[in-house]
Amino acid sequence: MKNAILSELFNQMADIMEILGEDRFRISTYRKVARIIGDTPADIEVLLATGELAKIPGVGKSSLAKIEQFIKTGTITAHKQLLTKIPPKLLELLAIPGIGPKGVKAVYEELKVKSIADLKRAIKAGSFARLPGFGDKKAAVIARGIAFLEKSTGRIRLDQALEAAYLVTDFLRELSGTGRIQTAGSLRRRAETIGDVDILVAAGKGKQIVQAFTGAGFVQEVLAAGPTKGSAIIQTETAPIHVDVRVVPAESFGAAAQYFTGSKQHNVRLREIAVKAKLKLNEYGLFKADKMIAGPVEEEIYQKLCLDYIDPLLREDRGEVEAAKSRCLPKLITVEDIKADFHVHTNASDGNCDASDLAQAAKDAGYKYICITDHSRSSAIANGLSPERLAQQIKQIRKLNEKLKGVTLLAGSEVDILANGSLDFDDKLLAELDFVIAAIHSGLAGSREKVTTRTLKAMDNPYVNCIAHPTGRLIGQREPMDIDIAAVIKHAAQTHTAFEVNANPWRLDLKDTHCRMAIETGVKLAIGTDAHSVAGLALMGFGVATAARGWATKADILNTLSVAKIRSWLKSKRP
DNA sequence: GCCGTTTTCGGCCCGACTGTTTTCAGTCG
């Protein structure tokens, strides 16, 4: 699949054009095309061949020609030509917080800086600060930016961002004079990774609130502190995290929540609609001439723009604005709809509690059933169960069920898909189980053909109900397998196999766009926390949010079925 | 480069904060 590299090439062309100071609208067109290609789960080659690509708004003749040239030849002439105009390493400077295209252009032309290493030397030698328009303070900002870039791994996981958000919101709540507090930005949208944490607070005295925040004990470094915005690096248990606190007047709280939740692209769409209706939309409200017609309440912004309210989870400019206009947004899955967890481990394999603990915890969470899915024998590191131990566990679970009231344990297994696509247990044993999830745990770096074939073959087994973490990625740590996602989704629909949405914030696998593709193909999703402890069950919300970001409704999610209905759904695949 | 319910040419979303300024450009979100 060439989507990622192609998206990168368009972004790179935009970067270079920015440094060269070319027309900004032209540049934003390149960025838009990059985003469209990067966002789509479908293979760009297929989209091009079927003519679908040409139909996407924003992709015009010129972009289409470049994409076609890349598919045919592996390069884009325009990209190559742009690359001759600047040293390629110069582009890495754009990642430094505090320096943008104009700054990069200046240090390149005036100081012959060609890389981050060059820039560091120029700052140290003092030549950077002597450039017109720059100075000692700017030099210090950039030096800090480079240090931050070098030590940070980039974006953080959802659980880390939430930890920071709780820390700061709890602090703000204790201050006098603060009203409503709302998390915004990519965290509110539950994007899979978070750049920085945005928190809104309604209050009159902005400067005081900002000063209190930037002076708090958890603040490591203050980046900015004005009358409405404070920006700081804060120290959490897991990582240093960039947090922005914005103070807004109560009458603008809804507009600010809308504005700062984004995404950027979603907001652009909304402001375009506003402009066409001769209105102005900003973080203070929606205005007709100078009169505010919406502001305190977020829902009213959408209402006054003649749109249905769009859930933050959908605000990515992936068709939600059109759907809101034509009143056909999906009714998204919520945690309240969830009646089960499909993926948990006990101390029989690598978990730290037993099945009865999990049953009680599931009941406490308001679930009707929970599926015990310990590892199979090939996952030796995880103390995977032998056939004998699994048979034993099934008996135990049946016995435990006789005593349980209000909650049911389903006997399951997370069965390894072996190198040749066969399963770790034979069919006779699998037939004893209520729910079988198959998973690849080894050979994840295998070829596209190999990992795809393994998964396809596993789905052919009549006892496999679900594929766990289908792409195998670990966010920020391990790339997904090079699997043909379109092919496996199609086969899942044909074989009546569900796909897992692994709720662990390290995984979120399937991811949002793949969830959407599965749903559109008619594949059911089973959300599993992959919990190894009672506390792990609480990760469910991340999985629900990921599915909802893929436009999932209650009907798409197996976790919403009653025990009776899930049993009958599971039987329908069996011989 | 893209697009069209005022347009096939002339537009294309909005504001805060900072630093180096003497009224604003650059960067960021």
Side-chain angles (χ1 to χ4, degrees), chain A residues 10 13-14 17-19 21-34 36 54-67 78 93-107 128-142 144-145 184-189 191 194-200 206-207 210 214 222-232 242-248 252 255-256 258-287 305 317 321:
Chain A
F10 270 84
M13 288 191 279
M17 288 191 291
E18 268 199 309
I19 293 171
E22 290 187 20
D23 179 60
R24 66 194 174 99
F25 296 108
R26 196 170 160 219
I27 292 162
S28 76
T29 303
Y30 277 67
R31 295 224 186 271
K32 189 173 182 182
V33 174
I36 289 168
K55 289 184 202 157
I56 300 175
V59 184
K61 254 186 179 171
S62 173
S63 300
L64 218 50
K66 289 184 179 73
I67 294 166
L93 267 61
L94 290 171
I96 304 168
I99 192 165
K102 294 286 190 292
V104 171
K105 187 177 191 204
V107 296
F128 177 86
R130 285 194 296 273
L131 276 181
F134 294 81
D136 288 334
K137 282 193 177 167
K138 193 77 190 163
V141 166
I142 305 297
R144 279 208 307 269
S186 52
L187 178 55
R188 186 174 179 221
R189 303 198 313 275
I194 310 298
D196 48 38
V197 173
D198 291 300
I199 293 166
L200 302 180
K207 198 155 192 172
V210 169
T214 53
V222 178
L223 303 173
T228 67
K229 178 186 160 184
S231 190
H242 181 166
V243 178
D244 285 347
V245 169
R246 296 171 196 268
V247 186
V248 297
S252 295
Q258 196 291 310
Y259 185 91
F260 290 113
T261 296
S263 66
K264 197 175 169 177
Q265 290 305 319
H266 174 87
N267 286 355
V268 167
R269 295 297 311 278
L270 255 54
R271 288 198 289 270
E272 281 170 0
I273 290 174
V275 167
K276 273 188 187 146
K278 304 239 185 280
L279 304 172
K280 188 169 88 161
L281 178 63
N282 58 29
E283 61 261 57
Y284 298 105
L286 183 64
F287 299 89
L305 292 174
D317 189 23
V321 176

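So that the names make sense, note that chain A is the first sequence line, chain B the second, and so on, each numbered from 1. This is a predicted model, so every value here is computed, not measured.
Rounded to whole Å, atom C1' of dG4(B) lies 16 Å from atom CD1 of Ile273(A). Nucleotide dC3(B) holds its C1' atom 16 Å from the CZ atom of Arg26(A), rounded to whole Å. When rounded to the nearest whole Å, the span between CG of Leu305(A) and P of dC13(B) equals 15 Å. Atom NE2 in His266(A) sits about 15 Å away from atom P in dC13(B), given to the nearest Å. Regarding Glu272(A), its CD atom lies at a distance of 10 Å from the P atom of dC12(B), rounded to whole Å. Taking atom CD1 on Ile27(A) and atom P on dG1(B), their separation rounds to 11 Å, with Å as the unit. The separation between Lys276(A) atom NZ and dT7(B) atom P is 13 Å, rounded to whole Å. Distance, Phe25(A) CZ to dC3(B) C1': 13 Å, rounded to whole Å.
For the P atoms, the distance linking dT20(B) with dC28(B) amounts to 15 Å, nearest Å. Rounded to the nearest Å, the gap between the P atom of dC3(B) and that of dC13(B) is 14 Å. Separating the C1' atom of dT8(B) from that of dC2(B) is a span of 12 Å, rounded to the nearest Å. Comparing the same atom, P, in dG19(B) and in dG11(B) gives a spacing of 37 Å after rounding to whole Å. dT18(B) and dT23(B) are spaced 15 Å apart, taking the C1' atom of each and rounding to whole Å. Taking atom C1' on both dC14(B) and dT22(B), the two are 26 Å apart, rounded to the nearest angstrom. Nucleotides dT27(B) and dT21(B) place their P atoms 15 Å apart, quoted to the nearest Å.
The structure places CD of Glu18(A) at 5.0 Å from CD1 of Ile27(A), a figure rounded to the nearest 0.5 Å.
Considering only residues two or more places apart in sequence or on other chains, Val141(A) meets the side-chain contact (heavy atoms from CB on, under 4.5 Å) condition with Arg144(A). Phe260(A) pairs by the ring-ring contact (aromatic ring centres under 6.0 Å, His included) definition with nothing, not counting sequence neighbours.
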Exercise. Hey, mind stepping through Val104(A) and Ile96(A) against side-chain contact (heavy atoms from CB on, under 4.5 Å) and telling me if it holds?
Worked result: CA-CA 10 Å; Val104(A) 171; Ile96(A) 304 168; over 6 Å; no
Exercise. Gln258(A) and Leu281(A): side-chain contact (heavy atoms from CB on, under 4.5 Å), yes or no, with the steps?
Worked result: CA-CA 10 Å; Gln258(A) 196 291 310; Leu281(A) 178 63; 4.2 Å; yes
Exercise. Where do Ser62(A) and Lys66(A) land on the side-chain hydrogen bond (donor to acceptor under 3.5 Å, both in side chains) test, with the steps shown first?
Worked result: CA-CA 6 Å; Ser62(A) 173; Lys66(A) 289 184 179 73; 2.9 Å; yes
For this session: May I have the step-by-step check of side-chain contact (heavy atoms from CB on, under 4.5 Å) for His242(A) and Leu223(A), ending in yes or no?
Result: CA-CA 9 Å; His242(A) 181 166; Leu223(A) 303 173; 3.7 Å; yes
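Pairing each heavy atom of Leu305(A) with each of Leu279(A), the nearest pair is CD2-CD1, 4.2 Å.
Nucleic acid contact class of Ser231(A) (heavy atoms, under 4.0 Å, all strands): none. Nucleic acid contact for Leu281(A): sugar-phosphate only, since backbone atoms but no base atoms lie under 4.0 Å from a heavy atom of the residue.
Within the 4.0 Å cut-off from OP1 or OP2 of dG1(B), at least one side-chain nitrogen or oxygen of Ser62(A) is found. Between Thr228(A) and dC17(B) there is a side-chain polar atom (N or O) within less than 4.0 angstrom of OP1 or OP2. The side chain of Lys61(A) contributes no N or O atom lying less than 4.0 Å from OP1 or OP2 of dC3(B).
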Problem set entry | Nucleotide-resolved protein contact map, nucleotides 19-29 of chain B, B/S/- at heavy-atom distance under 4.0 Å | SSS----SSSB
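Closest-nucleotide positions on DNA chain B for Ala225(A) and Val275(A) were compared, and the one nearer the 5' end corresponds to Val275(A). Heavy-atom nearest nucleotides on DNA chain B were determined for Asn267(A) and for Lys278(A), and the one closer to the 5' end corresponds to Lys278(A).
When Watson-Crick and G-U wobble pairs are counted only if both distances are under 3.5 Å, dC17(B) pairs with dG26(B).
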